[in-house]
Amino acid sequence: MKIGCIVMAAGNARRFGSNKLDARVEGKTLLRRALEAVPAACFDRVAVVTQYPRGMDLAREMGFLPVENPRPDLGLSHTIALGMAHMQDMDGVMFQVSDQPLLRRDSVERLVALAHDGVRGNPCLFPASLFPELTALEGDHGGSAVIRRHPDLLLLVEAPPQELTDVDTPQALEVLTGEKCR
């Protein structure tokens, strides 16, 4: 089976107040940490969808396909559509967000859909049969809408709750990691 990965790194991070993907934890940006959590050998293609030139450069540096999102204001569905345009030949695709600073590579390797105590989290892997629904999403809607329509296809893999925590503000990052946002 050919499996692709789409790293979603195009958001405006309004609640964070600045580009949160540049925030550092243990000396590494959130985006670098997210890309390092991708077990590249498990995927036939990894696309990084971002609006940021530094994100495009980092994707190239790590051997991933950079995909520019010049219109992040169109919402999450636009990021998904841009990434999916490069995944149509895959049998499945995993979506990974880029603001989970404690997500570990070995957890992603075990992945179908990460969870804690039976509550679904990110990243999530979707079979090709759901690609049309993913590409039909609109506005700021993501894969959760598709998952809700197909609960029979959902298989959860347990992970510690800290790994599944995303950060939307500098304060949330500081609470999660114990490091001051810089």
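Because the structure is predicted, anything quoted here is derived from the model rather than measured.
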S.K.: Give a yes or no on whether the backbone of Gly27 and the side-chain of Arg24 come within a donor-acceptor separation of less than 3.5 Å.
M.R.: yes

S.K.: Does Thr50 use its side chain to pair, donor to acceptor, with the backbone of Ala9 at less than 3.5 Å?
M.R.: yes

S.K.: With a 4.5 Å cut-off on side-chain heavy atoms, are Lys20 and Arg15 touching?
M.R.: no

S.K.: Is the backbone of Gly4 close enough, under 3.5 Å, to the side chain of Arg45 for a donor and an acceptor to pair up by distance?
M.R.: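 It does not hold such a pair.
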
S.K.: Please find the pair of heavy atoms, one from Leu134 and one from Gly143, that lie closest to each other, and give the distance.
M.R.: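 Result for this residue pair: CD2-CA, 4.2 Å.
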
S.K.: Treating Ile, Leu, Val, Met, Phe, Trp and Tyr as nodes and any side-chain heavy-atom pair under 4.5 angstrom as an edge, say whether Phe131 and Val146 lie in one connected cluster.
M.R.: yes

S.K.: Within the side chain of Gln51, is there an N or O that forms a donor-acceptor pair under 3.5 Å with the backbone of Ala10?
M.R.: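 Checked: pair present.
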
S.K.: Do His150 and Glu133 have side-chain heavy atoms sitting under 4.5 Å apart?
M.R.: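 Result yes, sub-4.5 Å side-chain heavy-atom pair found.
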
S.K.: Please tell me whether Ile6 and Leu130 are part of a single hydrophobic cluster in this structure, the criterion being side-chain heavy atoms less than 4.5 Å apart.
M.R.: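 Yes; Leu130 is reachable from Ile6 via cluster members.
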
S.K.: Decide, yes or no, whether a salt bridge links Asp57 with Arg60 under the criterion of side-chain N to carboxylate O below 4.0 Å.
M.R.: yes

S.K.: Side-chain heavy atoms under 4.5 angstrom apart, residues restricted to Ile, Leu, Val, Met, Phe, Trp, Tyr: same cluster for Ile3 and Leu103?
M.R.: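 In one cluster: yes.
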
S.K.: Of all heavy-atom pairs between Ala145 and Leu137, which one has the smallest distance, and what is that distance?
M.R.: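 Smallest interatomic distance, heavy atoms only, reads CB-CD2, 4.2 Å.
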
S.K.: With rounding to the nearest 0.5 angstrom, report the NZ to CZ distance, Lys28 to Arg33.
M.R.: 7.0 Å

S.K.: Do Val108 and Met94 pass the side chain to side chain contact (heavy atoms under 4.5 Å, CB included) test, and can you show the C-alpha distance, the side-chain angles, and the key distance before you say yes or no?
M.R.: CA-CA 10 Å; Val108 178; Met94 184 191 85; 3.8 Å; yes

S.K.: Any salt bridge between Arg105 and Glu36, counting N to O under 4.0 Å?
M.R.: no

S.K.: Does any non-hydrogen side-chain atom of Pro66 lie less than 4.5 Å from one of Val48?
M.R.: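 Of all side-chain heavy-atom pairs linking Pro66 with Val48, none is under 4.5 Å.
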
S.K.: Let me confirm one number: the OG-CD distance from Ser107 to Gln100, rounded to the nearest 0.5 Å.
M.R.: 10.0 Å

S.K.: Rounded to the nearest 0.5 Å, what's the gap from CE on Met1 to CG on Asp91? Could you check?
M.R.: 4.5 Å

S.K.: Would Val7 and Tyr52 show up in the same hydrophobic cluster when neighbours are defined by side-chain heavy atoms closer than 4.5 Å?
M.R.: yes

S.K.: Which heavy atom of Asn12 sits nearest a heavy atom of Asp73, and at what distance?
M.R.: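 Looks like ND2-N, 4.4 Å.
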
S.K.: Do you see a donor-acceptor pair shorter than 3.5 Å between the side chains of Glu138 and His78?
M.R.: no

S.K.: Establish, from distance only, whether the side-chain atoms of Thr79 and Asn69 form a donor-acceptor pair under 3.5 Å.
M.R.: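 Result is yes, a qualifying pair exists.
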
S.K.: With rounding to the nearest 0.5 Å, note down the distance linking CG in Leu82 to OG in Ser77.
M.R.: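 Separation between the atoms: 9.5 Å.
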
S.K.: Any link between Leu65 and Met56 through a network of hydrophobic side chains (Ile, Leu, Val, Met, Phe, Trp, Tyr) touching at under 4.5 Å?
M.R.: no

S.K.: In sequence, state the C-alpha distance, the side-chain angles, and the governing distance for Glu61 and Arg32, and then conclude on salt bridge (Lys or Arg N to Asp or Glu O under 4.0 Å).
M.R.: CA-CA 10 Å; Glu61 173 189 320; Arg32 180 172 289 279; 2.9 Å; yes

S.K.: Do Asp99 and Phe16 come close enough that some side-chain heavy atom pair is under 4.5 Å?
M.R.: no

S.K.: Report yes if the side chains of Leu58 and Leu35 come closer than 4.5 Å at any heavy-atom pair, otherwise no.
M.R.: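 Yes, close enough: below the 4.5 Å cut-off.
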
S.K.: Is the CZ atom of Arg149 crowded by more than 12 outside heavy atoms at less than 6.0 Å?
M.R.: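 Yes - once you tally the heavy atoms of other residues, nucleotides and ligands closer than 6.0 Å, there are more than 12.
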
S.K.: Would a 4.5 Å heavy-atom cut-off, applied to side chains only, mark Phe126 and Met87 as touching?
M.R.: no

S.K.: Looking only at heavy atoms, which two atoms of Val97 and Met8 are closest? And how far apart?
M.R.: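 It is CG1-CE, 3.8 Å.
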
S.K.: About how many Å separate CG of Leu21 and OG of Ser98, when rounded to the nearest 0.5 Å?
M.R.: 4.0 Å

S.K.: So, taking the atom named SG in Cys5 and the one named CZ in Phe64, what distance separates them when rounded to the nearest 0.5 Å?
M.R.: 7.5 Å

